[in-house]
Amino acid sequence: QVQLVESGGGLVQAGGSLRLSCAASTRTFSTYAVGWFRQAPGKERDFVAHINWSGGSTYYADSVKGRFTISRDNVKNTVSMVYLQMNSLKPEDTAVYYCAADLPPYNGYRVNDMDYWGKGTLVTVSS
């Protein structure tokens, strides 16, 4: 069982920035594709961003394109991390943010494609 842990959430004013981090309990995390998702109160969990195992391919929801950046550092023989840099934050970005892992053979970037999930970190953007 792979455990994912998100960190970096908090309260920020509109226009501000936060960087979320996702760490995994396994060194094979560097071979997983990773997605960030978010869920606002009373709403479904939505896709935010996705990065492939090498970091060479990324994909974003239209609502965050140009404001959020997903990245990862896969350093050999160490625990890999995946990040979500969030700039120009808006009140509508307020949600619990989850990272999720997609193991080989890499099913895709939808909620149902993910194999493991973290417990989430809360991001609150005040107006």
Side-chain angles (χ1 to χ4, degrees):
Q1 185 78 4
V2 175
Q3 292 183 327
L4 304 177
V5 179
E6 303 94 337
S7 61
L11 174 64
V12 64
Q13 289 188 330
S17 298
L18 283 174
R19 188 175 84 152
L20 306 183
S21 299
C22 177
S25 59
T26 173
R27 293 181 183 273
T28 58
F29 190 48
S30 61
T31 67
Y32 303 165
V34 175
W36 283 98
F37 298 80
R38 65 186 181 187
Q39 188 167 17
K43 296 190 176 181
E44 293 185 349
R45 191 169 299 187
D46 290 331
F47 167 75
V48 174
H50 180 273
I51 190 165
N52 74 334
W53 69 271
S54 69
S57 177
T58 58
Y59 183 66
Y60 297 93
D62 288 342
S63 59
V64 306
K65 204 172 293 183
R67 299 188 298 122
F68 291 10
T69 302
I70 188 171
S71 63
R72 69 189 306 160
D73 55 40
N74 290 347
V75 181
K76 189 176 181 180
N77 296 325
T78 66
V79 177
S80 299
M81 299 286 291
V82 173
Y83 305 99
L84 185 68
Q85 178 67 43
M86 305 186 296
N87 298 329
S88 302
L89 283 161
K90 305 175 182 179
E92 50 263 44
D93 295 318
T94 294
V96 176
Y97 282 72
Y98 299 89
C99 73
D102 177 24
L103 275 60
Y106 309 124
N107 299 307
Y109 57 87
R110 296 166 298 181
V111 170
N112 291 339
D113 291 328
M114 299 295 126
D115 296 296
Y116 295 104
W117 290 85
K119 294 183 179 181
T121 184
L122 177 62
V123 172
T124 304
V125 184
S126 63
S127 57

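We number each residue from 1, following the sequence as shown.
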Worksheet item: So how far is it from His50 NE2 to Ile70 CD1, rounded to the nearest 0.5 Å?
Response: 7.5 Å
Worksheet item: Quick one: are Met86 and Leu84 in side-chain contact, heavy atoms under 4.5 Å?
Response: yes
Without placing hydrogens or testing angles, list every side-chain donor-acceptor pair under 3.5 Å for residues 115-127, not counting sequence neighbours.
from: Asp115; atom 1: OD2; to: Leu103; atom 2: N; distance (Å): 2.7
from: Thr121; atom 1: OG1; to: Gly9; atom 2: N; distance (Å): 3.2

Please list, one pair per line, the donor and acceptor atoms closer than 3.5 Å that link side chains of residues 13-22 to other protein atoms, with sequence neighbours excluded.
from: Ser17; atom 1: OG; to: Asn87; atom 2: OD1; distance (Å): 2.9

Practice prompt. With rounding to the nearest 0.5 Å, note down the distance linking OG in Ser88 to CZ in Phe68.
Written response: 9.0 Å
Worksheet entry | Stepwise side chain to side chain contact (heavy atoms under 4.5 Å, CB included) check, Phe29 with Val2 | CA-CA 9 Å; Phe29 190 48; Val2 175; 5.5 Å; no
Response to the item:
OG of Ser57 to OH of Tyr106, rounded to nearest 0.5 Å, is 12.0 Å
Response to the item:
The salt bridge (Lys or Arg N to Asp or Glu O under 4.0 Å) partners of Arg110 (sequence neighbours excluded) come to Asp113
Discussion item. Enumerate the salt bridge (charged side-chain N to carboxylate O under 4.0 Å, His left out) contacts for residues 53-73, please, sequence neighbours excluded, ordered by first and then second residue.
Written reply: Asp62-Lys65, Arg67-Asp93
Worksheet item: So which heavy atom on Gly35 is nearest to which on Met114, and how close?
Response: N-SD, 4.4 Å
Worksheet entry | Tyr98 six-ring face occupied by Arg38 cation (under 6.0 Å, within 45°) | no
Response to the item:
Sorted by chain and number, sequence neighbours left out, side-chain hydrogen bond (donor to acceptor under 3.5 Å, both in side chains) with Thr28 holds for Thr26, Tyr32
Worksheet item: For Phe47, which residues count as a ring pair (Phe, Tyr, Trp, His ring centres under 6.0 Å) partner, sequence neighbours excluded?
Response: Phe37, Tyr59, Tyr109
Practice prompt. Indicate the atoms forming the closest heavy-atom contact of Ala49 with Tyr60, along with that distance.
Written response: CB-CD2, 3.6 Å
